[in-house]
Amino acid sequence: VAGEERDPKGLFDGVADDALLEAVQRQDEAAIEALYDRYGRICFALAYRIVNDYGVAEDVVQDAFVRVWRQAGSYTSGRGSVKNWLLSIVHHRAIDVLRSRGDRPRRDLPLDSAEMMPANADVWREVSRSLERDTVRAALATLPDAQRETIELAYFGGYTYVEIAELMDVPLGTVKSRMRLGLEHMRDFLEAQSEEIPG
Amino acid sequence: MMEHQATEELLGALALGAVSTEEWRAAQAHFQECPDCRDEAVRLKAAVDTLPIATREITPPPALRTRILSAISSESSSLPVPVIATRPAPVPVAVRRAQPQPFWANWSRYAPVAAAGASVVVLLVLAGWSNSVRSRLSATEQELDQTRALLAGTAVGNIFTANLRSTNAAPSTRGNLVYMTQEKAGMLMAWNMPPPPQGMVYQVWVQANNQTRSLGVLTLYPDGNGVIYVPGDITHIKAVVVTLEPEPHSPTPTGDTVLETRF
């Protein structure tokens, strides 16, 4: 792919994400380069999906990687995968930009919801690493329209449940319920796709 | 703190981050006391984490990669990198790029001497600069060991040290460079320096970008210990060298190298 050297020296081939991030913590520029080559595409796709503007998406991804460079030491493996951590930084930044465009107030939520993550990651982490796009899209497609739209408005649109209730003209409880039921259904569907997860 | 039922109803929104800051904080407080809610929030968050995978892949512009690496290089050249407390490298040292890095970026291998170097700095600061330098520099190995033990477990912070290797010209000498990155100042200390021949001095040099700059002449004391103040930003130096030069000093290194360290 043009512009993506894919770790030209190949020195990080096969290096686990955690070890790669440790190298980033030591300010190894080749490591952050390799991290970008691994996840730059999905980061850019997520940023673009949220801000819907190539130039702004570039800024978001650049901000995210510079933040990773500065704050790699704040990552701990017990809080989730490197990939999810990186994507949550991109998501957080993109939503910030999105909300600052309009008259919606900015939210001062923690960067990656890290407080909610368990000290010891469960097997779901391994499952989520191997998930394909089609599988996740299929999971979303199984949701009733109202649940899917609610989840997408929240995650990709950066709307709070209160704002979504106003947008969709439904009670707050309905939005909260759609969010929870939709996510539960997604998780159940994705777990069922994996042989590693019983049930 | 948010009540159990209210939190339970909000778990989906919490996992999506679709709540107010106040609700978020209240829920976090509740999670501390309610593992059921917390575990369910974690389960739902796992589903949220898959959502980026559903996005249509788009190849970013090639220029973005260049922009990001350029921005990071700029950060590298302006920010000190406290590597002493980090873990050993799991990847080959060879992966490090040729771009300029602070000289202490490769100093993790000198970690064992860092505590000793820091100890000397602390001693000097505590005792005052002018009058006690000589006595402190003549501290015995035992004193250094005691101080090292005293500081064991203490964060070294922004103090970086490197040992200087002796050469055949004076094999019994030893040296340490101690540099404080925030203050952008440091000093070089040397021990067991043989008396220089008549009309000669020990001169200290730093090398960077194929250029050699004199830091001045080492102040040598009768007990064979010496010191020189190292002022200013020496971020990107590649080497520190002590050579034997004719008095009063030399514009370029001409004599035998006595101590050296390269980064």
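None of these values were measured; they are calculated from a predicted model. In what follows, every chain begins at residue 1, and chains take the letters A, B, ... in the order their sequences are listed.
A side-chain donor-acceptor contact under 3.5 Å links A/Y161 and B/E23.
Side-chain contact between A/Y36 and B/P60 is present, with at least one heavy-atom pair separated by less than 4.5 Å. A 4.5 Å side-chain heavy-atom check between B/R65 and A/D37 finds at least one atom pair inside the cut-off.
At a threshold of 4.0 Å, the pair A/K83-B/D49 does not count as salt-bridged, since none of the basic side-chain nitrogens sits closer than that to a carboxylate oxygen. At a threshold of 4.0 Å, the pair B/R43-A/E184 does not count as salt-bridged, since none of the basic side-chain nitrogens sits closer than that to a carboxylate oxygen.
The backbone N or O of B/A54 lies less than 3.5 Å from a partner atom in the side chain of A/R137, making a donor-acceptor pair. Here the side chain of A/R180 pairs no donor or acceptor atom with the backbone of B/L44 at under 3.5 angstrom. Judged purely by atom type and a 3.5 angstrom limit, B/R67 has no side-chain atom pairing as donor or acceptor with the backbone of A/Q62.
Residues A/R187 and B/A46 share a closest heavy-atom pair of NH1-CB, 3.2 Å. When all heavy atoms of A/L183 and B/G12 are compared, the closest pair comes out as CD1-O, 3.7 Å. Taking every heavy atom of both residues into account, B/P61 and A/E58 meet most closely at CG-OE2, 3.1 Å. Taking each heavy atom of B/S73 and A/E29 in turn, the nearest pair found is OG-OE1, 2.9 Å. Between B/T55 and A/R133, the closest heavy-atom pair is O-CD, 2.9 Å. In plain terms, the two heavy atoms of B/L51 and A/F156 that are nearest each other are O-CZ, 3.7 Å.
Contact annotation for A/V90: neither backbone nor side-chain heavy atoms come within less than 4.5 Å of a heavy atom of chain B. Using a 4.5 Å cut-off between heavy atoms, A/Y48 touches chain B through its side chain atoms alone. The parts of A/I151 that come within reach of chain B are both its backbone and its side chain, each placing non-hydrogen atoms under 4.5 angstrom from that chain. Heavy atoms of A/D63 lying under 4.5 Å from chain B are absent altogether. For chain B, the nearby parts of A/L46 are the backbone and the side chain; heavy atoms of each come within less than 4.5 Å.
To the nearest 0.5 Å, atom CG of residue B/L64 and atom CZ of residue A/F65 are 8.5 Å apart. To the nearest 0.5 angstrom, B/L16 atom CG is 10.5 Å from A/L153 atom CG. With rounding to the nearest 0.5 angstrom, the CG atom of B/L11 is 12.5 Å from the CE atom of A/M179.
Ranked by heavy-atom pairs under 4.5 Å with chain B, the list A/D59, A/L172, A/T135, A/V175 is led by A/D59.
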